[in-house]
Amino acid sequence: MDNTQKVTVELKNGKFRLREGLKSDDLNPKALILYSAAQCAGLTIMGMLRKDNIIPKRLEITIEGVLNTPTLMAESRYRSFNITYRVECKSLADQNSVSYAVREAQDNQCGVVAMLKMIAPVAHEISIVSSESVSV
């Protein structure tokens, strides 16, 4: 049986917050690592988007890490990670810039994600949608 730790942050009022009203003090040390990576990726993405004056309607980052022990223990270590990026853009035109920023954060710019890659394999999923209505 896998022991999976999971952290989700959402962009709210310009800052990334844990979902469900959690605070970082509520997280165990293993989950704090995931939280740090989600914060880093989110701040990196927003820094790149700010240059293009783009603010997504919604940005959510979920990071899951599978531990090598059946229960959380001090000696538990991560053996894999999965990062899911969910972004809702205001317009179709913003999607290219958002896609570029997310990929750059994931592949090159976020140092904490880079550190995760040194610990264990990191898979990722990216979902970008636009809420702009399309006229026919």
[X], [Y]: one ILVMFWY side-chain cluster at the under-4.5 Å cut-off?
X	Y	result
Val113	Ile128	yes
Leu11	Ile126	yes
Leu72	Val7	yes

Side-chain contact test, heavy atoms from C-beta onward, threshold under 4.5 Å: evaluate it for [X] versus [Y] and give yes or no.
X	Y	result
Gln5	Ile33	no
Glu10	Lys15	no
Val129	Val87	no
Met46	Pro56	yes

* Test side chain to side chain contact (heavy atoms under 4.5 Å, CB included) applied to Asn96 - qualifying residues, sequence neighbours left out ->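 So Asn96 forms no side chain to side chain contact (heavy atoms under 4.5 Å, CB included) with any residue.
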* Gln39: partners by side chain to side chain contact (heavy atoms under 4.5 Å, CB included), with sequence neighbours left out ->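 If we apply the side chain to side chain contact (heavy atoms under 4.5 Å, CB included) test to Gln39, skipping adjacent residues, the hits are Val9, Phe16, Tyr35, Leu43.
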Using 0.5 Å steps for rounding, measure from the [atom1] atom of [X] to the [atom2] atom of [Y].
X	Y	atom1	atom2	value
Lys12	Arg17	NZ	CZ	10.0 Å
Asn3	Leu67	CG	CG	4.5 Å
Leu59	Tyr85	CG	OH	9.5 Å
Ile55	Cys89	CD1	SG	12.5 Å
Ile63	Asn82	CD1	CG	9.5 Å
His124	Leu116	NE2	CG	13.5 Å

Considering residues, nucleotides and ligands other than [X], do more than 12 of their heavy atoms fall under 6.0 Å from its [atom1]?
X	atom1	answer
Arg58	CZ	yes
Ile119	CD1	yes
Lys6	NZ	no

When you measure from the side chain of [X] to the backbone N and O of [Y], does any donor-acceptor pair fall under 3.5 Å?
X	Y	answer
Lys30	Ala74	yes
Ser97	Asp94	no
Asp107	Glu104	no
Thr44	Cys40	yes

* To do: For the pair Leu32 and Ser24, evaluate side chain to side chain contact (heavy atoms under 4.5 Å, CB included) and give the outcome as yes or no after the intermediate values.
  => CA-CA 7 Å; Leu32 281 170; Ser24 60; 4.2 Å; yes
* So does Glu125 pair up with Arg86, basic N to acidic O under 4.0 Å? ->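 Looking at Arg86 together with Glu125, the answer is no, because their closest N to O distance does not fall below 4.0 Å.
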* Asked: Taking all non-hydrogen atoms of both residues, which atom of Ala120 and which atom of Ser80 are closest, and how far apart?
  ->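 Closest heavy-atom pair between Ala120 and Ser80: CB-N, 3.7 Å.
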* Minimum heavy-atom distance Ala37-Cys110, with the two atoms named ->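 Residues Ala37 and Cys110, closest heavy atoms: O-SG, 4.2 Å.
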* To do: Please step through side chain to side chain contact (heavy atoms under 4.5 Å, CB included) for the pair Glu60 and Arg19, ending with a clear verdict.
  => CA-CA 9 Å; Glu60 178 183 288; Arg19 286 182 63 196; 3.6 Å; yes
* To do: Applying side chain to side chain donor-acceptor pair (under 3.5 Å), run through Thr62 and Thr84 and close with a yes or a no.
  => CA-CA 5 Å; Thr62 300; Thr84 304; 5.8 Å; no
* May I have the step-by-step check of side chain to side chain contact (heavy atoms under 4.5 Å, CB included) for Leu34 and Tyr78, ending in yes or no? => CA-CA 10 Å; Leu34 304 179; Tyr78 283 113; 3.5 Å; yes
* **Test log, rule side chain to side chain contact (heavy atoms under 4.5 Å, CB included), inputs Ile61 and Thr8** => CA-CA 6 Å; Ile61 302 169; Thr8 299; over 6 Å; no
* Asn68/Glu75 under side chain to side chain donor-acceptor pair (under 3.5 Å): CA gap, chis, key distance, verdict -> CA-CA 9 Å; Asn68 66 346; Glu75 62 269 15; over 6 Å; no
